[in-house]
Protein chains: 2
Amino acid sequence: MRRFATIKDIASALNISVSTVSRALRDTYDVNASTRQAVLQKATELNYRPNFNAIGLVHNRTHNLGILLPEITNYYFSTLFTGIQEVAYKAGYNLTLFVTGNDAEREVDIVRNLSLSGLDGLLVSVSSQADSDQHFQEVIDNGVPVVFFDRVSENIHTSKVMQDDYNGAFEATVHLIKNGYGKIAHIAGPEGLTFTQARLNGYLDALRKHKLPVKPSWIVHSGFTQQHGEQDLEQLWERREKPDAIFAVNDRKAIGAILALKRKNIRIGKDVGVIGFTNDPVAAIVSPSLSTVAEPAFEIGKLSCELLLKHIHKKRFEPEQVTLPGKLIVRESSSRL
Amino acid sequence: MRRFATIKDIASALNISVSTVSRALRDTYDVNASTRQAVLQKATELNYRPNFNAIGLVHNRTHNLGILLPEITNYYFSTLFTGIQEVAYKAGYNLTLFVTGNDAEREVDIVRNLSLSGLDGLLVSVSSQADSDQHFQEVIDNGVPVVFFDRVSENIHTSKVMQDDYNGAFEATVHLIKNGYGKIAHIAGPEGLTFTQARLNGYLDALRKHKLPVKPSWIVHSGFTQQHGEQDLEQLWERREKPDAIFAVNDRKAIGAILALKRKNIRIGKDVGVIGFTNDPVAAIVSPSLSTVAEPAFEIGKLSCELLLKHIHKKRFEPEQVTLPGKLIVRESSSRL
DNA sequence: CTGTTTTTCGGTAACGTTCTCGGTGATTTT
DNA sequence: AAAATCACCGAGAACGTTACCGAAAAACAG
C-alpha cells in the first residue's frame with residue numbers, strides 16, 4: 001500500500017538526523033559536501049519523493065494554482081489554458097482546473113468548497129454576472145490572491161486582464177460600414193456580462209459616429225453557441241426591415257448565422273455581410289470564410305498567470321488592469337467584391 | 001497574511017478539545033448533538049475551511065487526480081476532460097491537468113517530477129509511443145494507480161479505455177466502398193501510435209475483404225493537424241494514379257484534405273469522397289459537410305475516471321480494458337448523389 | 001445501591017517536513 | 001594559550017488534522 005521513502009528513511013539509513021537530511025536535500029549551506037553527497041545518493045537509491053502535503057503544511061503554500069473556467073470545450077478557453085500552463089510549468093506550479101459549464105450556481109459551489117488551503121492562488125473567468133460576487137471576495141479575504149481574466153468581475157478590487165472588447169467591436173462595425181453595409185444588426189451575448197456590454201457599446205458608438213440608424217430590433221441577446229446564432233438570425237429575419245450585415249459577439253454565433261443565411265439562399269458577403277469575434281480556427285475553414293476580430297487568448301493566459309505569481313510572491317502588490325488589443329482579420333464573409 | 005481558522009480556534013473558542021471538534025465536524029458518532037451543533041455554528045462563524053494538506057498528510061490521500069494529455073486545444077480532448085470532470089466533481093475530487101503539447105520529453109519530465117504524494121491517481125493519454133514507458137511503471141510501482149485512455153501504453157498492465165478504432169475504420173472504409181469509391185487512400189497519423197495502427201488495420205482489412213487494391217503509395221503518415229492533412233493530400237496528388245476517396249485518421253486532417261481538394265476545384269463527394277474520424281463539431285459546419293466516425297469522447301472520460309476511482313478505493317482491483325464503439329455518421333462528403 | 005454498560009469527551013501520538021536554537025569540535029585570531 | 005570564530009550537525013517544536021485509548025459521567029440492570 002502507498003508507501004514512499006521519507007526523509008526519515010534516508011536519515012536512519014545513513015545514521016544521521018532528519019534535519020541534516022532536510023538541509024542536504026535543499027540548499028547546500030550548513031552541510032558538509034560529502035554527507036550531502038551521501039544523502040543525495042541515498043535519496044535516488046530509495047526513490048525518494050518529497051511529500052507535498054507535509055511541505056505545504058509547514059509553509060502554507062502548495063505550488064498549486066486554481067483555474068476557474070465557464071467551459072473548456074472551446075477554442076478560446078483551451079488556448080487560454082495553454083497560455084496559463086506555459087508560464088505555470090516554468091515556474092514549477094501545478095494547475096487545478098475547475099469548469100463550471102456556465103452554471104453560476106455551480107461556480108459558487110465550487111468556490112465555496114474550494115480546498116483553499118490547497119491553492120496558492122486562483123485564476124478566474126466568471127461564469128455569468130452572478131447576482132453577487134461575494135464568493136470571490138471571501139477567497140481574497142482569506143488571503144488567497146485572485147486574478148480575473150476575460151470575463152471579469154467589476155466589484156472586486158484585484159488584477160484583471162481582458163481584451164479590448166470595445167475597440168474590437170468598434171473596428172469590426174466600422175469595417176462593415178466601410179464595405180458598404182448600412183443596416184447592421186448585432187447578435188449579442190447574454191445581457192449582464194461585462195464584455196458583452198462592451199462589444200455592444202463598441203457597435204453602437206461606431207453606428208452613431210457614422211450617423212447610421214440604431215434600431216433596437218436589430219439587437220438580439222442570447223447564449224454563446226452556434227445554435228443560438230442560428231436562432232438569433234431567424235429572429236432578425238422576422239423583422240419588418242431586414243439588416244444587410246451582422247456583427248456577432250463571437251465566431252460560433254457568427255457561424256450559426258452564416259449557416260442560417262445559407263439555408264435561406266442568401267449570398268454571404270454580397271447580400272449580407274457577417275463578422276465575428278475571437279478568430280476561432282473554424283473561421284478560416286467555414287465557407288465563405290469568416291471575418292473576425294482575433295483575440296489574444298494565449299497572451300491573456302500568460303499574462304494572467306504572471307500577474308497571479310506576482311501577487312503570490314510579493315507581500316503587497318498593487319492590482320493591475322491590463323487590456324490587450326484585438327486584431328481585425330478580413331475574410332470573405334464581409335467583402336463585397 | 002494567509003491565515004485560516006483552524007480546528008484549534010474552534011476548540012478554544014468553545015472551550016472543548018480538538019478531538020471533539022474534529023469528530024463533530026465529520027461523523028455524528030461519539031459526540032453530543034448539542035456540542036456538535038455548537039461546533040458547526042462556530043465553524044461557519046469563523047469561516048472554517050479544512051486544511052487539505054493536513055488531512056492529506058494523515059490519510060495519505062489528497063482527493064486530487066492528475067490528468068496527462070497531449071493537448072487540450074481540441075474538441076476531442078476537451079470534451080474528454082469534461083467527461084472526467086463530471087464524475088470527479090460528484091465524487092469530490094479535484095483535477096490537476098498537465099498538457100504535454102505532444103512532447104514526449106516533456107511528458108517524461110512531468111511524470112518524473114510529479115508531486116506524486118499530491119495525487120491519488122493518474123489518468124493518462126500518452127503523447128507518443130515513447131521509446132520507453134518506464135516512467136509510468138515507476139508511478140504504478142509507487143502505489144499510485146494509473147488508468148490509460150485513448151492513446152494507451154501497451155506494455156503497462158493497468159486499466160485502459162479506448163474507442164474501437166479498428167472497427168470504426170473498417171466501417172468507414174466499407175461505407176466508402178458501398179458508395180462506389182474504389183480507389184481509397186488513407187491519410188494516417190504518425191507511425192508507432194497504437195490507435196493510428198488500429199485505424200490503418202481496419203482500413204486495410206476492409207479493402208482486402210472487398211478485394212480492392214492495397215497500394216502503399218496511397219497511405220501517407222504525418223501529424224494530426226489540418227496543415228498535415230493538406231500536405232498529405234498534396235502528396236497523394238503527386239502519385240501517378242490518384243485515389244478517388246480518402247479516409248483520414250481524424251477530422252482535422254480530413255478537413256485539411258477537403259480544403260486542398262477545393263483549391264484544386266475537385267468536387268468533394270462527387271469526384272472524391274472523404275471521410276474522417278472523431279465527429280468534431282466542425283465536421284457539420286464545413287462545406288460540404290464531412291462524414292465521420294463519431295468517437296464517444298465524453299463517455300471515455302467518464303469511464304476512465306470511474307475506473308480510476310475504483311482502483312483508488314478497492315485495495316486490489318483487477319485492471320479492466322474497455323473498448324467503446326464508434327458510430328458512423330454520413331454527411332455530404334461521402335455521398336455520391 | 002452496586003455493578004455494568006453506554007455516552008461523551010480529552011490526551012496524546014502520529015503523518016513528513018522545515019525551522020530555530022544550541023552544541024559540539026576544529027580552526028583561527030589575538 | 002585563551003578567546004573568538006567557524007563548519008557542521010542534532011533535538012525538538014511546529015504546521016492542522018485524525019486515530020487510538022482511556023476516563024469521567026450518565027444511564028441502566030440487577
Side-chain angles (χ1 to χ4, degrees), chain A residues 1-40 42-43 46-64 115-120 142-144, chain B residues 1-40 42-43 46-64 115-120 142-144:
Chain A
M1 187 51 191
R2 195 71 181 283
R3 165 77 186 139
F4 286 92
T6 77
I7 223 176
K8 292 182 185 174
D9 299 327
I10 301 179
S12 64
L14 257 44
N15 245 330
I16 56 178
S17 79
V18 288
S19 359
T20 309
V21 176
S22 173
R23 264 167 307 189
L25 248 25
R26 290 168 293 143
D27 271 323
T28 170
Y29 101 106
D30 243 28
V31 45
N32 187 294
S34 64
T35 63
R36 179 178 155 77
Q37 197 52 43
V39 168
L40 257 40
K42 204 68 176 176
L46 297 180
N47 192 24
Y48 166 79
R49 301 293 164 94
N51 185 311
F52 278 52
N53 281 320
I55 297 174
L57 187 56
V58 359
H59 280 148
N60 220 8
R61 61 182 167 71
T62 59
H63 277 239
N64 253 347
S115 50
L116 287 182
S117 45
L119 296 178
D120 290 351
N142 272 326
V144 179
Chain B
M1 186 53 194
R2 195 67 181 285
R3 164 78 186 139
F4 286 92
T6 76
I7 223 175
K8 292 183 185 175
D9 298 329
I10 301 179
S12 63
L14 257 46
N15 245 332
I16 57 179
S17 80
V18 288
S19 3
T20 308
V21 177
S22 172
R23 264 166 310 188
L25 248 25
R26 289 168 294 142
D27 271 322
T28 170
Y29 105 105
D30 243 27
V31 46
N32 188 295
S34 65
T35 61
R36 178 179 154 77
Q37 198 52 43
V39 168
L40 256 40
K42 205 68 178 174
L46 297 181
N47 192 24
Y48 166 79
R49 301 294 163 94
N51 184 311
F52 277 55
N53 281 320
I55 297 175
L57 188 56
V58 357
H59 280 149
N60 218 9
R61 60 182 169 73
T62 59
H63 277 239
N64 253 346
S115 51
L116 287 182
S117 44
L119 295 178
D120 289 353
N142 273 326
V144 179

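Residue numbers begin at 1 in each chain, while the letters A, B, ... track the order of the sequences. All values below were derived from every heavy atom in this structure, side-chain atoms included, with hydrogens, water molecules and symmetry-related copies excluded.
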Atom [atom1] of [X] to atom [atom2] of [N]: distance rounded to whole Å?
| X | N | atom1 | atom2 | result |
| --- | --- | --- | --- | --- |
| Arg26(B) | dT17(D) | CZ | C1' | 8 Å |
| Asn51(A) | dG16(C) | CG | C1' | 5 Å |
| Asp9(B) | dG16(D) | CG | C1' | 10 Å |
| His59(B) | dA14(C) | NE2 | P | 16 Å |
| His63(B) | dT17(D) | NE2 | P | 15 Å |
| Gln37(B) | dT8(C) | CD | C1' | 17 Å |
| Lys8(B) | dG10(C) | NZ | C1' | 15 Å |
| Asn60(B) | dG16(C) | CG | P | 7 Å |

Of the options dT17(D), dG16(D), dT18(C), whose atoms approach the side-chain atoms of Ile7(A) most closely?
dT18(C)

When rounded to the nearest 0.5 angstrom, what distance separates [atom1] in [X] from [atom2] in [Y]?
| X | Y | atom1 | atom2 | result |
| --- | --- | --- | --- | --- |
| Leu119(B) | His63(B) | CG | NE2 | 13.0 Å |
| Phe52(A) | Arg61(A) | CZ | CZ | 9.5 Å |
| Asn53(A) | Thr62(A) | CG | OG1 | 9.5 Å |
| Leu14(A) | Asp9(A) | CG | CG | 11.5 Å |
| Arg36(B) | Asp30(B) | CZ | CG | 12.5 Å |

Distance test, side-chain N/O of Ser22(A) to OP1/OP2 of dT18(C), below 4.0 Å
yes

Would Lys42(B) and Val39(B) count as a side chain to side chain contact (heavy atoms under 4.5 Å, CB included) if you check the C-alpha gap in whole Å, the side-chain angles of each, and the deciding distance to 0.1 Å?
CA-CA 5 Å; Lys42(B) 205 68 178 174; Val39(B) 168; 5.8 Å; no

Give the intermediate values and the outcome of side chain to side chain contact (heavy atoms under 4.5 Å, CB included) for residues Leu25(B) and Ile7(B).
CA-CA 9 Å; Leu25(B) 248 25; Ile7(B) 223 175; 4.1 Å; yes

Do the side-chain N and O atoms of Arg49(B) and Asn47(B) include a donor-acceptor pair separated by under 3.5 angstrom?
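Checked: Arg49(B)/Asn47(B) side chains pair up, N/O donor to acceptor below 3.5 Å.
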
Taking five pairs at each end, how big is the angle between the two axes of the helix from dC1(C)-dG30(D) to dT30(C)-dA1(D), to 10°?
50°

Verdict with reasoning, Ser19(B) to Ser22(B), per side chain to side chain donor-acceptor pair (under 3.5 Å)
CA-CA 5 Å; Ser19(B) 3; Ser22(B) 172; over 6 Å; no

How does each nucleotide of nucleotides 7-12 of chain D score, in 5' to 3' order, for protein heavy atoms under 4.0 Å: base (B), sugar-phosphate only (S), or none (-)?
-BBBBB

